[in-house]
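All remarks here apply to the structure that follows.
Bear in mind the structure is a predicted one, so any value in this text is a computation, not a measurement.
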Amino acid sequence: MSTRGFSLDGYGPRRRSAWNQLTARDSLVWRLDWIMLLSGVALAVIGSLLVYSATRNRTELNQGDPQYFLVRHVISLLIGVALMGGTVWLGHRRLRSAVPVLYGVTVLLAICVLTPLGATINGSRAWLNLGGGFTVQPAEFIKITVILGMAMMLAAKVDAGDREHPDHRTVMHALGMAALPIGVILLMPDLGSVMVLVVIVLAVLLASGASNRWILGLGLAGVGGAVLIWSLGVLDEYQINRFAAFANPALDPAGVGYNTNQARIAIGSGGLTGKGLFEGTQTTGQFVPEQQTDFVFTVAGEELGFVGGGLILLLLGIVIWRACRIARESSELYSTIVAAGVIAWFAFQAFENIGMTLGIMPVAGLPLPFVSYGGTSMFAVWIALGLLQSIRTQRPIAA
């Protein structure tokens, strides 16, 4: 009897071909960044518990079903993970050719928000009413298409070997492409999404190697634009009040400063280890508005304490750290720019969301990535994670 180890030498070409196809499929799975993926899943699981804790007693919102928001949140998570898988399967390079279509569709959806089809929630007309109680927030998908669109334009000549850095004309075209949806979102007005998109644009330009004069010019233009928007009265009164409450926390504690004050009370009362899951008095007493979405971190702070809040920050940090590794190890500028855009999106939005609950950032109505309740935001962040995974799995394997 032969004592040789397993070998394919005795197999015919057909069997060897089938084996090669199997190992190729397996390699895609094994080349995923499992540390980043599991960190995202852990955040989503923690988010599910926090959403349930924040909504189980809110009979005016959950239609008498304590698990109403939990079930919808888990369904959104499962759809989001499926979208991530589909994004990895398609690959960021295939999506590159579909960017013009995706861009046109998302901008059209954003414009529809300004029509009678739009829905106003919490003072912002940022949702599109699909009927049957379903709504979608086009600004979340625009974050993805702006990243892909700018990356496609800025990297085209560089990846082709024609230039080392994008020229001024290319940068102008890319900025013009991003300016249209940003302008539409500003008309809603959805100031939080505009802030995220501006950060994304700056990060994309930095990653592309564009001249620093563009970064400086955009910074000065941003300051001038903010002054102009304020003076022209583009912002709604509630948005102006939010900035006023941020500048002066003692201003109208029962009115515009109520959310921030209650959020800080909830987080501060949690101490080191928290009051226990489902045992938060601020959460159970429904003192913090929108606690399942924008202020979900207050549930963690009160019920899980500094340890629980720190765990969320750690997991978010791991996702961003792994994304930075993917960007650094990418062999093409297009992939590097896409990864940089996603990193800026996740990092700034997490900082803004948690910062506003701590009173160090103005309230801007942004969800916490992977954690907050909201179907559109959940879909978008998992698609973005799929882009990062695609960049990692499609990079050349070292010999």
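By the salt bridge (charged side-chain N to carboxylate O under 4.0 Å, His left out) test, Glu303 pairs with no residue at all, sequence neighbours left out. Residues meeting the side-chain hydrogen bond (donor to acceptor under 3.5 Å, both in side chains) test with Thr357, sequence neighbours left out: none. A search for ring-ring contact (aromatic ring centres under 6.0 Å, His included) contacts involving Phe287 returns nothing, not counting sequence neighbours. For the ring-ring contact (aromatic ring centres under 6.0 Å, His included) test, no residue two or more places apart in sequence or in another chain qualifies with Phe306. Remark: Phe346 engages Phe370 in a ring-ring contact (aromatic ring centres under 6.0 Å, His included) (not counting sequence neighbours). For the side-chain hydrogen bond (donor to acceptor under 3.5 Å, both in side chains) test, no residue two or more places apart in sequence or in another chain qualifies with Arg169.
Heavy atoms only, all atoms of each residue included: Leu154 and Pro166 are closest at O-CB, 3.6 Å. Contact between Ile142 and Pro181 at its shortest, heavy atoms only, is CG2-CB, 3.7 Å. Heavy-atom minimum distance, Ala340 versus Ala207: CB-CB, 3.5 Å. Across all non-hydrogen atoms, the minimal contact from Ala139 to Ser193 is CB-OG, 3.6 Å. Contact between Met356 and Ala364 at its shortest, heavy atoms only, is SD-N, 3.6 Å. Shortest non-hydrogen contact noted between Phe278 and Ser53 is CD2-CB, 3.5 Å.
The closest donor-acceptor contact from the side chain of Arg264 to the backbone of Gly359 lies at 3.5 Å or more, if one exists at all. Without hydrogens or angle criteria, Thr336 side chain to Glu332 main chain gives a donor-acceptor distance under 3.5 Å. A donor-acceptor pair under 3.5 Å links the side-chain atoms of Thr284 to the main chain of Gly280, judged by distance alone. In terms of modelled atom types and a separation under 3.5 Å, the side chain of Ser269 and the main chain of Ala266 share a donor-acceptor contact. Put simply, the side chain of Tyr373 never gets that close to the backbone of Pro367: no donor and acceptor are under 3.5 Å apart. At distances below 3.5 Å, at least one donor-acceptor pair connects side-chain atoms of Thr55 with backbone N or O atoms of Val51. Looking only at distances, no side-chain donor or acceptor of Gln292 sits under 3.5 Å from a matching main-chain atom of Ser372. The backbone N or O of Ala327 sits nowhere less than 3.5 Å from a side-chain atom of Ser330 that would complete a donor-acceptor pair.
The side-chain heavy atoms of Leu70 and Val74, taken from C-beta on, include a pair separated by under 4.5 Å. Residues Thr135 and Leu128 fail the side-chain proximity criterion, which asks for heavy atoms closer than 4.5 Å. A 4.5 Å side-chain heavy-atom check between Leu50 and Ile312 finds at least one atom pair inside the cut-off. Counting heavy atoms from C-beta on, the side chains of Leu205 and Leu175 come closer than 4.5 Å.
With hydrogens and angles left out, the side-chain atoms of Thr298 and Gln291 include a donor and acceptor closer than 3.5 Å. Neither side chain, Arg56 nor Tyr68, offers a donor N or O lying under 3.5 Å from an acceptor on the other.
Rounding to the nearest 0.5 Å places CD1 of Ile391 at 10.0 Å from CD of Gln389. To the nearest 0.5 Å, atoms CD1 (Ile144) and CG (Leu95) are separated by 9.5 Å. With values rounded to the nearest 0.5 angstrom, Ile326 atom CD1 is found 5.0 Å from Leu388 atom CG. The distance from atom CD1 of Ile320 to atom CZ of Arg325, rounded to the nearest 0.5 Å, is 15.5 Å.
Between Phe295 and the options Val363, Ile267, Thr283, a side chain to side chain contact (heavy atoms under 4.5 Å, CB included) holds for only Val363.
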Throw together a table of side-chain donor-acceptor distances under 3.5 angstrom for residues 105-119, partners on residues two or more places apart or in other chains.
from	atom 1	to	atom 2	distance (Å)
Thr106	OG1	Leu102	O	3.0
Thr106	OG1	Tyr103	O	3.0
Thr106	OG1	Thr145	OG1	3.2
Thr115	OG1	Cys112	O	2.5
Thr115	OG1	Leu117	N	3.2

Distance-only criterion, 3.5 Å: show the donor-acceptor pairs between side-chain atoms of residues 376-387 and protein atoms not counting sequence neighbours.
from	atom 1	to	atom 2	distance (Å)
Thr376	OG1	Gln137	N	3.2
Ser377	OG	Gly374	O	3.1

Got a list of side-chain donor-acceptor pairs under 3.5 Å for residues 32-47, not counting sequence neighbours?
from	atom 1	to	atom 2	distance (Å)
Asp33	OD1	Ile35	N	3.3
Asp33	OD1	Met36	N	3.0
Asp33	OD1	Arg322	NE	3.2
Asp33	OD2	Arg322	NE	2.9
Asp33	OD2	Arg322	NH2	3.4
Trp34	NE1	Val29	O	3.0
Ser39	OG	Ile35	O	2.8

Worked verdict on Asp190 versus Trp127 for side chain to side chain contact (heavy atoms under 4.5 Å, CB included) = CA-CA 10 Å; Asp190 182 359; Trp127 282 261; over 6 Å; no
Would Leu316 and Ile354 count as a side chain to side chain contact (heavy atoms under 4.5 Å, CB included) if you check the C-alpha gap in whole Å, the side-chain angles of each, and the deciding distance to 0.1 Å?
-> CA-CA 11 Å; Leu316 285 168; Ile354 296 174; 4.3 Å; yes
Using the side chain to side chain contact (heavy atoms under 4.5 Å, CB included) rule, take Met150 and Ile147 through it: C-alpha gap first, then chi angles, then the decisive distance, then the call.
-> CA-CA 5 Å; Met150 291 191 71; Ile147 291 172; over 6 Å; no
Just do the side chain to side chain contact (heavy atoms under 4.5 Å, CB included) check on Leu366 and Asp294 with the steps written out, would you?
-> CA-CA 6 Å; Leu366 289 171; Asp294 301 344; 5.8 Å; no
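Ile265 belongs to no hydrophobic cluster with other residues, because no ILVMFWY side-chain heavy atom falls under 4.5 Å from its own, directly or through intermediates.
For the salt bridge (Lys or Arg N to Asp or Glu O under 4.0 Å) condition, the pairs that include at least one residue of residues 266-276, sequence neighbours left out, are Lys275-Glu302. For residues 139-156, the set of pairs meeting the salt bridge (Lys or Arg N to Asp or Glu O under 4.0 Å) definition, not counting sequence neighbours, comprises Glu140-Lys143.
Cluster membership check: Leu180 shares its hydrophobic cluster with Leu187, using side-chain heavy-atom separations under 4.5 Å among Ile, Leu, Val, Met, Phe, Trp and Tyr. Hydrophobic clustering (ILVMFWY, side-chain heavy atoms < 4.5 Å, transitive): Ile79 and Leu77 are in one cluster. Note on Met172: it clusters hydrophobically with Val146, by side-chain heavy-atom contacts below 4.5 Å among ILVMFWY residues. In the hydrophobic clustering of this structure, Val81 groups with Val71; members are Ile, Leu, Val, Met, Phe, Trp, Tyr whose side-chain heavy atoms approach within less than 4.5 Å, directly or through other members. Following chains of ILVMFWY side-chain contacts shorter than 4.5 Å, one cannot reach Leu311 starting from Leu272, and the two form parts of different hydrophobic clusters.
The aromatic rings of Trp214 and His168 sit tilted, their planes meeting at an angle between 30° and 60°.
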